Amino acid sequence: MIPEFRPEAFTDFSRPENVAAFNAALAKAKSEIGRTYPLVIDGEARELRDNFPSINPSRPAEVVGYFPNGSAADADQAIEAASRAFKTWQYIPVAERARYLLRAAAAMRRRKHEFSAYMVLETGKSWFEADADTAESIDFLEFYARQAVRLLDQTDMLTPYPPEELGLYNIPLGVGAVIPPWNFPNAIPMGLVAAAIVAGNTVVFKPAEQSMWIGWKITELLWSLGLPDGVVNFITGPGEVVGARMVLHPQTRFIAFTGSKAVGLWIYENAAKIQPGQKWLKRSILEMGGKDAVLVDETANLEEAAQGIVASAFGFQGQKCSAGSRAVIVDDVYEQVTGRVVELAKELTVGAPDEGPHIYMGPVIDQEAMKRIMDAIELGTQDGKLLLGGSPLQTPDNGYFIPPTIFGDVPWDAPMAQEEIFGPILSISRAGNFDDALRIANSTEYGLTGALFSNSRDRLERARREFHVGNLYLNRKCTGALVGIHPFGGFNMSGTDSKTGGPDYLLHYTQAKSVAERL
Ligand code: NAD
């Protein structure tokens, strides 16, 4: 019997033995940097002559690994391999498919710090953030394994009809294109792949260009459990080449994407076009961006509110879709809360996260992100008052470090307060009163996460009804959703309204077949 789902505990880095174990994992990861990896299609490793690097954003000259610059033809072959594997994988009993996930969870738990260490080096995650990412990955495996066993046969939900024997089976869709971002490089791809394959689908997984190393490591872990060839195919290359072909291929049945609004909209549109030879309507499961707000009213515990704002805005350098990149504070307490937020943000340590657990903020992901964020800062100075940060940090290794940057008195409709920047920038707007704050919160095209700090029962109830976000948090930060506890996913331009880690998530990867046999 499978025990009840329990979320994976986070590592306590105040304990010296945990610090030593994590340092040992970092040393192991460092001993592996600079290798060249293949594509894996139908279980066969294929090296290409043309490879491109994935780098450490703390020290951009350090290449963590080289990966094949795959082409559209490689994507075709991977989709075709997945189609062949689907013929048998779909009939493997669900309990057996679920066991692969449970074994993967156990294997990752044994090598937990190692998986986190790859992320510290490849994506600049702090130890705490990397540890949480690995824990979430384990949680997805454990949670979806249990959900699959529960959800895939729903016959017992039918009304009995004695003349017939009835069945209601949630059967798989077919071949999926799994296209994740780099910012949760373990948990997001593992969650998407696990959901797809436990439901009986086969996939082509293309990691983001900035996180191919950890993408390789998690796929290798799945293969090491004896997963049949072709169930999970691994391909790298530019998103607009290989990713786009995976979306357009007529044998692709669904696309599981997490990333920016721009790419998500392109996929939504192009997946809807029927390709020659295509026999179905493709399904798009899209998780996109956010411009998430933390609201504070005059009844709130102001210290907790300030701490919540800082944690929501600057965890993983603000590079979370759930990041509280806007704070909306009512006039009466605006100065007090803003002052405290600036003080707290000043204390955050910025540096290369492999230095130790004391580093709270690492680098932003790459040079392109650095430029985009610096451009947004420049534009922001026209609209708001720069209260903290604003200039990149100079480091000997030319890492992509931007310190916590805060703008105050930003008009609610300025670009800084409406558009996703995806970096360590907090925009603070003033609201006349609670009603005004709520209106401002709902004013963007997104609807992912949001938080309200208040001690008014009436306002907390109103926020429950009127704050239009997929994940609403009351009197706590707006990041850090836990699998099975805070099912995650947003409204409006934040996605297609699915909830990862939620009780019905796997249904997105299935279609229901109703069977009746006259007795
Ligand atoms: P991105 O959209 O640039 O890339 C995401 C993936 O799409 C990558 O694998 C990329 O290679 C691929 N891609 C790019 N062009 C493509 C194309 N034309 N066709 C197919 N695939 C293509 O996003 P990113 O920079 O990797 O990630 C950051 C974004 O992800 C932010 O907007 C963030 O809010 C969002 N995000 C959302 C969630 C959520 O759950 N809603 C979670 C994490 C990140």
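The basis for the numbers below is simple: all heavy atoms, side chains too, and nothing from hydrogens, waters or symmetry mates. Indexing begins at 1, ligand by ligand and atom by atom, following the structure's order. Here the structure is a predicted model, which means the values were calculated and not measured.
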Student: Quick one: does Gly259 get an N or O within less than 3.5 Å of an N or O on ligand 1?
Tutor: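 Between Gly259 and ligand 1 (N or O atoms, distance only) the closest approach is under 3.5 Å.
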Student: Go through the structure and list residues passing ring-ring contact (aromatic ring centres under 6.0 Å, His included) with Phe128, not counting sequence neighbours.
Tutor: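 Checked Phe128 against ring-ring contact (aromatic ring centres under 6.0 Å, His included); matches are Phe10.
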Student: Would you mind checking which non-hydrogen protein atom is closest to atom 3 (O) of ligand 1, with the distance to 0.1 Å?
Tutor: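 Its nearest protein heavy-atom neighbour is Ser260 OG, 4.0 Å.
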Student: Which of these, Gly243, Ser325, Pro180, has its nearest heavy atom closest to atom 9 (O) of ligand 1?
Tutor: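 Of the listed residues, Pro180 has the closest heavy atom.
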Student: Ring of Trp412, cation from Arg439 - is the NZ or CZ under 6.0 Å from the centre and inside 45° of the axis?
Tutor: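 Cation-pi check for Arg439 and Trp412: passes.
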Student: What protein heavy atom sits nearest atom 18 (N) of ligand 1, and how far off is it?
Tutor: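 Nearest protein contact, heavy atoms only, for atom 18 (N) of ligand 1 is Glu240 CA, 3.7 Å.
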Student: Heavy atoms only: which of Gly191, Gly239, Ser211, Pro185 is nearest to atom 21 (N) of ligand 1?
Tutor: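 When every heavy atom of Gly191, Gly239, Ser211, Pro185 is considered, Gly239 comes closest to atom 21 (N) of ligand 1.
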Student: Heavy atom to atom 36 (N) of ligand 1, shortest distance: which of Ala481, Gly237, Cys321, Ala187 holds it?
Tutor: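 Nearest heavy atom to atom 36 (N) of ligand 1 lies in Cys321.
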Student: Is Phe184 in contact with ligand 1, taking contact as a heavy-atom separation below 4.0 Å?
Tutor: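 No heavy atom of Phe184 comes that close to ligand 1.
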Student: Would a search of protein heavy atoms around atom 26 (O) of ligand 1 find one under 4.0 Å away?
Tutor: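 Yes, because at least one protein heavy atom sits under 4.0 Å from atom 26 (O) of ligand 1.
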Student: Compute the minimum heavy-atom distance from Ile188 to ligand 1 and say whether it is under 4.0 Å.
Tutor: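 Ile188 counts as a contact of ligand 1 under the 4.0 Å cut-off.
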Student: Is the shortest N/O to N/O distance between Phe257 and ligand 1 below 3.5 Å?
Tutor: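 N/O-N/O distance below 3.5 Å does not exist for this pair.
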Student: Please say which of Phe52, Tyr66, Trp216, Phe234 ends up in a ring pair (Phe, Tyr, Trp, His ring centres under 6.0 Å) with Tyr37.
Tutor: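 Only one option passes, and that is Trp216.
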